[in-house]
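Take a look at the structure set out below.
Below, chains carry the letters A, B, ... as their sequence lines are ordered, and counting in each starts from 1.
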Amino acid sequence: MSILSRSLLLALLSGAFTLPAWAAAPIQEPPVEEEVVEEPVLEEEELVEEEVTEEVVEEEPAEDPNSPYLAVIGGDVYTVTRGVILNGTVLCKDGRILKVGQDVAVPEGARTIQAHGMRVYPGLVAVESRGIIPGRGTDSVDSFDPFALYVDLALAGGLTTVQSRGTIGKLTRGTLEGHLLGTTSWVDVSYSSFSPSSRRSTRDSFEQAREYLRKLRSFELDKQLGKKDLKEPETKGVPMNHVALLKGERMARFRADTASDLLAVCELLEEFPMRAVIQGGREAWTLAPRIGRTGASMVLTPRAKDWADPELNRPSGWSIENARILWDSGVEFAILPGQAGISLGGLAGRDLLPLPMEVAFAIRGGLHQDAALRSITLDAARILGVADRIGSIEVGKDADLIITDGDLFDYRTFVQWAVVNGRLAYDKQKASYFAHIRPREEDEAPNPVEALLEDITDGVQDEVMEEEPVEVDAPEADGGR
Amino acid sequence: MFAAFLLSALPLVAPQGDEPTGQATVYRLDHIETLTGDALQNASIVVRDGVIERIGQSVIVPDHARVIDLRGTGSVAMPPFVLGQAQGLLPSDSRGTGGYGRYVAAGVHRADEDVMEDLREAGVLLVGLVPPGSGIPGRTSVIRSDASELAEDTLVHDLHLVMTLDMSKSSKDLLRKAFESAEEAIEKEEKARADWQKARKEWEEKQKAAAEEAKKQKEGEGKGGKAADEPKKGEDKEPPKEFQAPRIDPNIQPVVDLIRKERVVQVWIDSPGEWLHWLDVVGDREFAWELVLDHGNSTNLHEVADAIAAAGVRVYAPARIPNLPSTQLRTNLVAELLAAGVEKLVLLPTSTRSSRALESWRVGLGDLVREGLDRNAALRGVSVEPAQAMGQEELVAPLEAGGPATFVILEGDPLDPLARVSHLVAAGEVIYDRAKEEEN
């Protein structure tokens with residue numbers, strides 16, 4: 001008994017710290033007993049797992065579906081700003097994050113999500129989207145369909161906030177409440193090398209705006225000095241958008257991919273300092289330090305390719321290291337896939353549904369995982385100007401969370417739950433699209449597809465699975481979405 | 001038609017004695033769906049003076065009664081079919097879309113006898129007509145399928161107000177503006193009424209004071225006092241004795257009626273999102289409304305089934321089993337609504353563009369029952385429930401003694417679309433008899 005348990009322990013230890021059990025076992029024991037060692041190990045593991053799940057079930061207090069509290073319990077919490085809290089709990093109240101940590105007491109009656117063994121991230125943010133929310137200013141909420149298929153799909157992809165046509169909208173599935181987060185303050189500035197005339201007119205506009213600001217400044221100074229017969233500088237003909245840019249009230253958005261376009265934007269920003277975001281940036285890696293010095297943010301697509309030009313006497317084309325090089329030069333960026341829409345008929349893998357996969361390519365190119373996570377959470381929120389509300393798991397921020405069954409940047413990982421404003425907006429097990437793929441084991445309710453199959457087989461399966469309480473939930477699941 | 005009027009009027013004219021007056025007719029049937037809760041096998045209906053005198057398995061046939069024996073043919077009687085909503089079935093007012101303005105009741109220009117015949121052949125007694133268009137296209141009306149003269153076509157001229165809602169700002173704004181204008185009109189009227197009451201009261205008090213003054217002066221004159229002051233002339237114009245309300249824009253009148261709870265609105269939506277937007281438009285307002293679910297072959301309206309049930313409103317739904325969006329998963333929305341607690345449920349055909357499309361009605365009904373809808377609820381949903389919605393419960397009601405003798409007789413199960421209608425009886429009068437029609 002003692003020998004067996006000691007060898008078992010050794011096998012466990014060696015399996016845990018050095019080699020897998022099957023490789024470690026032959027070293028510890030003669031080959032004949034190999035199987036004997038292996039089987040108890042598996043049983044032991046299973047026993048431990050069962051005990052854990054049973055405990056969890058016992059601990060679970062009665063949940064009040066109308067409780068203002070929502071607790072995501074036991075997951076590894078990726079806060080973005082404060083590292084990772086292992087086995088942490090995120091407690092939310094009234095749509096905001098109330099507490100984050102390992103020793104957070106869960107109030108009685110709180111709605112809970114058991115996230116043991118899972119990861120908790122802030123909800124992902126898409127700086128640009130198409131077809132998920134209607135967009136167009138603050139009126140967006142009047143046209144928003146909170147039950148739309150695309151809202152479901154976006155949540156399944158981990159998104160909880162998207163921007164479309166100037167509207168920053170939350171994916172508040174099933175409710176209109178709290179949908180509108182804000183509007184962008186972007187001013188689109190055309191500064192492409194393809195159109196020298198538009199470049200000239202853009203520069204002229206900034207010159208005019210700067211001239212106006214000079215006059216305004218001297219007028220204000222004179223006013224302070226108490227001079228009389230002052231005339232406020234005329235705003236007629238002055239490009240007020242550009243004035244707002246120079247005053248730092250709004251943010252300029254450029255589109256530039258080639259090194260020459262990027263350089264031109266840098267020169268403009270050096271002459272007229274302002275907050276700016278540059279979308280595209282395929283050759284940005286070739287002049288990363290220069291972009292870094294302008295303080296401009298970027299929106300990158302790591303998989304957007306452009307071949308190098310062999311005739312150029314400088315680095316050119318795309319690089320998988322683009323994001324990493326920009327990060328090292330202090331450039332803040334968000335990542336977007338090649339297509340900003342979501343649809344079941346779109347180009348597989350290139351739209352917003354697998355957004356973390358686009359980021360995974362940047363990680364492959366050397367970008368640190370923390371930076372990668374920021375690019376679709378906090379930094380995306382900063383570019384949208386809503387980082388005070390979303391983008392990280394911090395006390396006081398909106399309770400927008402996703403709970404995944406693995407590393408966000410692993411292709412096997414699924415979003416299991418999405419929480420928006422402290423409300424459960426998505427549950428993989430109840431959404432018909434992915435419920436049948438690697439279903440969660442602890443869930444007793446069968447997914448809709450299985451329920452349908454059971455109906456078709458006319459109860460034959462029910463007899464086989466007598467012990468499981470499948471039949472009880474079958475009608476409910478049948479009506480599930 | 002005139003005879004029918006006479007017949008139905010007779011019991012009212014006749015002295016209220018126990019002695020029956022008219023001749024009795026007895027329908028002997030294989031099966032009766034009374035829709036009171038019990039179905040009767042091998043039973044009879046005794047009809048006299050437009051009323052069901054007796055109904056049951058063992059009824060005494062009155063003397064001299066005319067007996068129509070349909071036993072052994074698979075005959076089934078039930079209250080007649082009532083088409084809760086029909087758009088485009090009969091040539092009616094055509095209206096533009098996306099606005100409000102005229103709110104005209106839907107009416108028929110011409111009773112198309114072919115369509116009427118098709119309706120009777122399908123066992124349909126009443127048809128609710130809905131004006132075409134979106135926004136606030138107008139008001140509904142009700143016609144009888146045995147109407148022939150244009151003047152008699154419409155049974156109810158002006159029933160519900162119709163509103164449609166799309167998931168767009170313009171659509172929501174249109175409804176919001178209608179409510180706001182109506183509320184302004186009401187406020188204006190209330191203010192005018194208050195002003196009038198005040199003016200009237202002041203004027204009356206002044207009159208009283210003047211009268212007293214005059215009296216005093218008269219007394220004074222009698223004592224030989226000073227001469228009376230000159231009476232005030234025309235300074236105070238008498239306010240009208242009756243309050244004259246400021247004219248309300250006729251375009252907004254139906255919405256005003258709605259807010260005053262004098263009218264019911266039918267709201268057409270086709271998705272759960274539109275349900276939320278409707279609630280958003282309604283806000284804190286309290287008025288009577290009904291919900292028409294206008295979805296096509298796929299919908300996820302079941303997601304708000306509980307909320308719809310909690311609102312406690314009458315629901316019109318198409319008799320079909322839709323798919324969940326972008327899937328092949330079928331959902332028995334009607335059964336779910338019923339299970340959620342919707343009490344007043346009207347089932348509609350999926351299309352009413354032509355009388356041929358009516359065939360889909362019973363096909364869909366059969367599907368719903370096969371996939372879990374309560375049979376009684378399904379049959380009520382195409383007869384007594386829509387009749388109640390039209391306020392016609394005195395004409396169409398569950399079959400019981402003392403109730404109106406209005407029923408349809410089919411040659412088989414009503415849920416079998418191939419079972420033909422053999423008789424349609426309205427208040428005792430046979431308005432369709434397949435055997436006679438085929439003779440002609």
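Side chains of B:Asp257 and B:Gln253: a donor-acceptor N/O pair is present below 3.5 angstrom, by distance only.
If you tally non-hydrogen atom pairs under 4.5 Å between each of A:Thr175, A:Asp142, A:Val141 and chain B, the highest count goes to A:Asp142. When B:Ala335, B:Gly273, B:Ser170 are compared by the number of non-hydrogen pairs under 4.5 Å with chain A, B:Gly273 comes out ahead.
Residues of residues 282-296 of chain B placed with any heavy atom under 4.5 Å of a heavy atom in chain A are absent; none qualify.
With a 4.5 Å cut-off on non-hydrogen atoms, B:Lys169 touches chain A through its backbone and its side chain both. For B:Asn332, no part lies under 4.5 angstrom from a heavy atom of chain A. Of the two parts of A:Leu176, the backbone and the side chain both hold a non-hydrogen atom closer than 4.5 Å to a non-hydrogen atom of chain B. Heavy-atom distances place no part of B:Val281 under 4.5 Å from chain A, backbone and side chain included.
One finds the OG1 atom of A:Thr167 at 5.5 Å from the CD1 atom of A:Ile133 (value rounded to the nearest 0.5 Å). Taken from OG1 in B:Thr350 to CH2 in B:Trp361, the straight-line distance is 11.0 Å, to the nearest 0.5 Å. Within the model, atoms CG of B:Leu338 and CG of B:Leu373 stand 6.0 Å from one another, a figure rounded to the nearest 0.5 Å.
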* Step by step, work out the salt bridge (charged side-chain N to carboxylate O under 4.0 Å, His left out) result for A:Arg440 and A:Asp427. => CA-CA 11 Å; A:Arg440 284 202 302 271; A:Asp427 180 349; 2.9 Å; yes
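Counting heavy atoms from C-beta on, the side chains of A:Glu358 and A:Leu336 never come closer than 4.5 Å. Contact check for A:Thr160 versus A:Val419: no side-chain heavy atoms found under the 4.5 Å cut-off.
The salt bridge (Lys or Arg N to Asp or Glu O under 4.0 Å) test with A:Asp400 singles out one residue from A:Arg389, A:Lys170, A:Arg96, and that residue is A:Lys170. Screening B:Arg370, B:Arg362, B:Arg375 for a salt bridge (Lys or Arg N to Asp or Glu O under 4.0 Å) with B:Asp413, the sole residue that qualifies is B:Arg375.
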